[in-house]
There are 2 protein chains.
Amino acid sequence: MTQRGAGVDLDTSLGYLLKEASSALRAAMDEVLRPLGMSVTHYSCLELLAQRPGLSNSELARGAFVTRQTMNVLLQALEREGQVSRPAEASVGKVLPARLTPLGRRKLEKATAAVRAVEVRMLAGMSEAERADAFRILRSMIRSLHDD
Amino acid sequence: MTQRGAGVDLDTSLGYLLKEASSALRAAMDEVLRPLGMSVTHYSCLELLAQRPGLSNSELARGAFVTRQTMNVLLQALEREGQVSRPAEASVGKVLPARLTPLGRRKLEKATAAVRAVEVRMLAGMSEAERADAFRILRSMIRSLHDD
DNA sequence: TGCGTCATGTCAGTATCCTGACATACAGTG
DNA sequence: CACTGTATGTCAGGATACTGACATGACGCA
């Protein structure tokens, strides 16, 4: 029985716990990325481009869980700094495929190592079975939230 | 063996999945709270005060996973709108215990129902055992991330 | 061919949250 | 008592991400 009839008990709410875990992860990533002059979204963008070269602005936005407007200003900054390159005009439609430059790849290398250390720390003390459970459970939550 | 030696494979990364789940939850909450004129942090603040009356600004900030500066401007706005009340001066130290006003309680009621519906939807299709697993696993991640 | 729908890139304005900084209050220690 | 460390409330400025809006190109369909 919960504390009150209509309440969302914070101490037992999985939603609250999910937010707490996400907040802790974001803080930990911020901490290691800041010395490298990168934000979490900045890193996400570079990592996405490393694994799937040629992604468009909108696709990157969806992959980093921000709006395409937000990703656009970030991409423009990264282009200006020479970490990312995009063709001047689209070969088909309006889609501009983005790619990492050598500079972008170098910046990503250090960031990836730092971020991976954070993920390893987060998973410390969890068995292989628990990690598999976590994967399945999170996937289930995401799917359930996405259908209205 | 992972895709590349030093890579963080997005398709299998629990950190990435955690971010995706959190993003989906936040979006779903935003969607139901917006018609009520509330943000997620706004709701969190009211819910915290309902369950633990007399919480201070700093305590509310920690509970809502924002900085105390952010919570402070929110509290000032909520005070101005008459949803929350704080004493003019502290009885001890600088701590100002906050409380919900009747108006705040009414605003919270509708929001709680909406948010609970989202959480129910998120948990749809999960067994009781899976929910217990999720709780334990998320707690483990949080604990691991918090010790440097 | 023309039309409606959808996705995209981009600009502008706004909301939200953060870091930095300061003054203050309490607790522990010498 | 004075000193140090820690926690609080608050102000100011800047970073980040959002909503709203527009023009454009691709696609399906009549």
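Below, chains carry the letters A, B, ... as their sequence lines are ordered, and counting in each starts from 1.
Hydrophobic clustering of Ile, Leu, Val, Met, Phe, Trp and Tyr side chains at less than 4.5 Å, counting indirect connections, keeps A/Val120 apart from A/Leu123.
Rounding to whole angstrom units, CZ of residue B/Arg26 and C1' of C/dA15 are separated by 12 Å. For the pair A/Arg80 CZ and C/dT10 P, the interatomic distance rounds to 12 Å; values are reported in whole Å. One can place CG of A/Leu33 at 17 Å from C1' of C/dT19, the figure rounded to the nearest angstrom. A straight line from CG of B/Leu60 to C1' of D/dT8 spans 13 Å, rounded to a whole angstrom. Taking atom CG of A/Leu75 as the reference point, atom C1' of C/dC11 lies 16 Å away to the nearest angstrom. At whole-Å resolution of the value, CZ in B/Arg34 and P in D/dG20 are 7 Å apart. If you measure from atom CG of A/Leu74 to atom C1' of D/dA15, you get 12 Å, rounded to the nearest angstrom. In this structure, CG of B/Asn72 is placed 12 Å from P of D/dA12, rounded to the nearest angstrom.
Out of D/dT10, D/dT8, C/dC11, the shortest distance to the side chain of A/Gln76 is found at C/dC11. Picking from C/dT24, C/dT8, D/dT10 the nucleotide with the shortest atom distance to the side chain of A/Val95 gives C/dT8.
The side chain of B/Thr67 contributes no N or O atom lying less than 4.0 Å from OP1 or OP2 of C/dC17. Put simply, B/Thr70 has a side-chain N or O that comes within less than 4.0 Å of OP1 or OP2 on C/dC18. Between A/Thr41 and D/dA17 there is a side-chain polar atom (N or O) within less than 4.0 angstrom of OP1 or OP2. The side chain of B/Ser58 places an N or O atom within less than 4.0 Å of a non-bridging phosphate oxygen (OP1 or OP2) of D/dG9.
Rounded to the nearest 0.5 angstrom, A/Met141 CE and B/Glu20 CD are separated by 13.0 Å.
For the pair B/Asp9 and A/Gln51, the tightest heavy-atom approach, listed with the atom from each and the gap, is OD1-OE1, 3.6 Å.
Nearest-nucleotide positions on DNA chain C for B/Arg68 and B/Met38 put B/Met38 closer to the 5' end. Residues A/Phe65 and A/Val92 both approach DNA chain D. Their nearest nucleotides, taken by heavy-atom distance, put A/Phe65 toward the 5′ side. Each of A/Asp30 and A/Arg62 has a nearest nucleotide on DNA chain C; the 5'-most of these lies closest to A/Arg62.
Under the ring-ring contact (aromatic ring centres under 6.0 Å, His included) criterion, A/Tyr16 pairs with B/Phe65, not counting sequence neighbours.
With hydrogens and angles left out, the side chain of B/Gln69 and the base of D/dG13 share no donor-acceptor pair within 3.5 Å.
In A/Gln76, the CD atom is crowded: over 12 heavy atoms of neighbouring residues, nucleotides or ligands sit closer than 6.0 Å.
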